[in-house]
Amino acid sequence: MSDYLWSGWGWTHADRDKTTAQTTSQMAETQNKMTPDEKFNLITRNLQEYLGGDEMKKILQERDIKVYWGTATTGKPHIGYFVPMTKLADFLKAGCHVTVLFADLHAFLDNMKAPWELLRLRTKYYEAAIKAMLTSIGVPIDKLKFVVGSSYQLSEKYTLDVYKMLAMVTEHDAKKAGAEVVKQVESPLMSGLVYPLLQALDEEYLDVDVQFGGVDQRKIFTFAEKYMPHLGYKKRGHLMNVMLGGLSGSKMSSSEPDSKIDLLDDEKSIRKKLAKAFCEEGNVDDNPILSFLKIVIFPLMSLKGENTFVIKRAEKFGGDIQFVGFDAVFEAFKEKRLHPADLKSGASDALCALLAPIRKIFEDPALIELTNQAYPPADKKAAASAGGAKKEKKAAGSEPSSPAPKKQPAPAAEDDNASIISKLDIVVGKIVEVGPHPDADSLYVEKIECGEAQPRTVVSGLRKYMTVEQMQNRHVLILKNLKPAKMRGVESQAMVLCASNAEGTVVEFLEPPAGSVAGDRVFFEGHEGTPEAQLNPKKKVWETVQPDFKTREDRVAVWGSVEFRTSKGLIKATSLVGANIK
Ligand SMILES: N[C@@H](Cc1ccc(O)cc1)C(=O)O
């Protein structure tokens, strides 16, 4: 790689020293007032977890902590990124030396989520977006150090360290370390195994005491703790932020654009999306809006010495309401003194205030141009990158989206935003054996051929609806990549998809087109992609798409308006129209 990836970032040593000098003078006042314990509490507040707390406390007795946060420059950052940004603000206030790493090589190594050709542009986009977010929450960006991964990760010394690690890390450990971060695919690439090794080494090369990231990074963090000492390097501490759930809470729906908020969404759509967000009266356990207030809005207020949250309300509904501290909001909501509509309206005001300056920054024509180049519409993308793997960025929980910047044509589906439906692995299966479940009256146990070496064992609750004869030798549709689950002691390795009426009295198979054979893949036109090897139950992919599965008037199975098809044609229910599919 040429050094153009690095040019334009402007982090010369002279700059760094200057900034350090400013940082020291400007922050000296607050920091001097903070005891090491206070600093530690601020550094660790609102985290999901941290490792190495005692060592951090020890360091704080002598000097301030050096910490870095890395982000792979893949899909567009979205509002979930306010969670780590808020922590960066805490770290600065606690006197930390904070480095932000734009992990461009990692974006490539992770199944080419950022294709090589777009890497530099993506990195520039990330720089602009992250800096805009920091500015919006009042963090002076000249107090942070920004580094691009490839600027040092290709040096001789670093490269040699990578090889040394390759000679000591087992494949098992590398795979395990990346399991929650690196996209899991059917034929995993070597690059995905190298990814965690580089992330561990970064701790040494960025010269920090502590690495910070989402709790999804946990396995990479513990991997680093294990292997850094083997290389003769210090074991670092690790700080992990909570991941923000989707806006729709447990009912996260990524197929529904309303469940995600992009940094550039306008006020009207922010309010509309929040108005639709999952926020049940009195439910404080599963409430994305309360979480956002707790881990972003209140901490940001407290950094400015404020803690009063005002919810504007018309006089006729009782006028404005004020809450002092997050606990006051929490209790009021729990006791149903605060209505979801009011909570949403207060949160909308706060979020609009955070996003307005970012939209303003992105009105700059140069940034509009950069956005379109870094995230080109799908057709141009195909030309820019032949065959880059596709997948969504899994950052802070909620999904990235890509509204068009002002006055630009809307980008079509983008590579880092692969359609959720493409993650499902649905194929034609042939039932070759079927019999009653030994321990459950309502269940059958089948052997279903699905184009693999062995037929799969599948448990289905179909005994009320079909006879053994009706099932034997039938071609059916099966969903192959749900996590296998034991049903009354028998492990089911797939699920048969059926259509059922609203009352649940009629259940029938979905019929593959004539001439189908076991293993024929079902796809959704315009939403093609590589299915996940196994769906992560936490991501609720199935739960998200299933409600939009229906049979049309002509009995054809559809996801929203898109048909289920194989290379041989469309899939239909036997008789049911407007039926559910599950
Ligand atoms: N793994 C981080 C990115 C990262 C890469 C390298 C690092 O050193 C740190 C962080 C992510 O999921 O975005």
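Counting convention: from 1, in listed order, for ligands and their atoms alike. As the structure is a computational prediction, the values presented were derived from the model and not from experiment.
Judged by the 6.0 Å distance and 45° axis criteria, Lys87 is not positioned over the aromatic ring of Phe212.
Checked against a 3.5 angstrom limit, the closest N/O atoms of Ile220 and ligand 1 fall outside it. Considering backbone and side-chain atoms alike, Tyr68 places an N or O below 3.5 Å from some N or O of ligand 1. Remark: ligand 1 and Asp216 share no N or O pair separated by less than 3.5 Å (distance only, no angle test).
Judged by the shortest distance from any of its heavy atoms, Tyr195 lies inside the 4.0 Å radius around the atoms of ligand 1. At least one heavy atom of Gln211 sits under 4.0 Å from some atom of ligand 1.
Counting heavy atoms under 4.0 Å from ligand 1, residue Ala103 touches it through the side chain alone. Counting heavy atoms closer than 4.0 Å to ligand 1, residue His106 contributes side-chain atoms (C-beta onward) but none from N, CA, C or O.
Under the 3.5 Å distance criterion, the side-chain polar atoms of Arg359 are matched with a main-chain donor or acceptor of Asp265. With hydrogens and angles ignored, the 3.5 Å screen pairs a side-chain donor or acceptor of Asp209 with a backbone N or O of Lys66.
Relative orientation of the Phe221 and His238 rings is parallel, given thresholds of 30° and 60° on the angle between their planes.
Shown in contact with Asp202 at under 4.0 Å from a heavy atom are these atoms of ligand 1, numbered in order with element: 6 (C), 7 (C), 8 (O). With ligand atoms numbered from 1 in the order given, ligand 1 contributes 1 (N), 12 (O) to contacts under 4.0 Å with heavy atoms of Val181. Taking a cut-off of under 4.0 Å to the non-hydrogen atoms of Leu101, the atoms of ligand 1 that pass are 6 (C), 7 (C), 8 (O).
Ring-centre distance between Phe146 and Tyr126: not below the 6.0 Å cut-off. The distance between the ring centers of Phe102 and Tyr125 does not fall below 6.0 angstrom.
Tyr205 pairs by the ring pair (Phe, Tyr, Trp, His ring centres under 6.0 Å) definition with Tyr158, not counting sequence neighbours.
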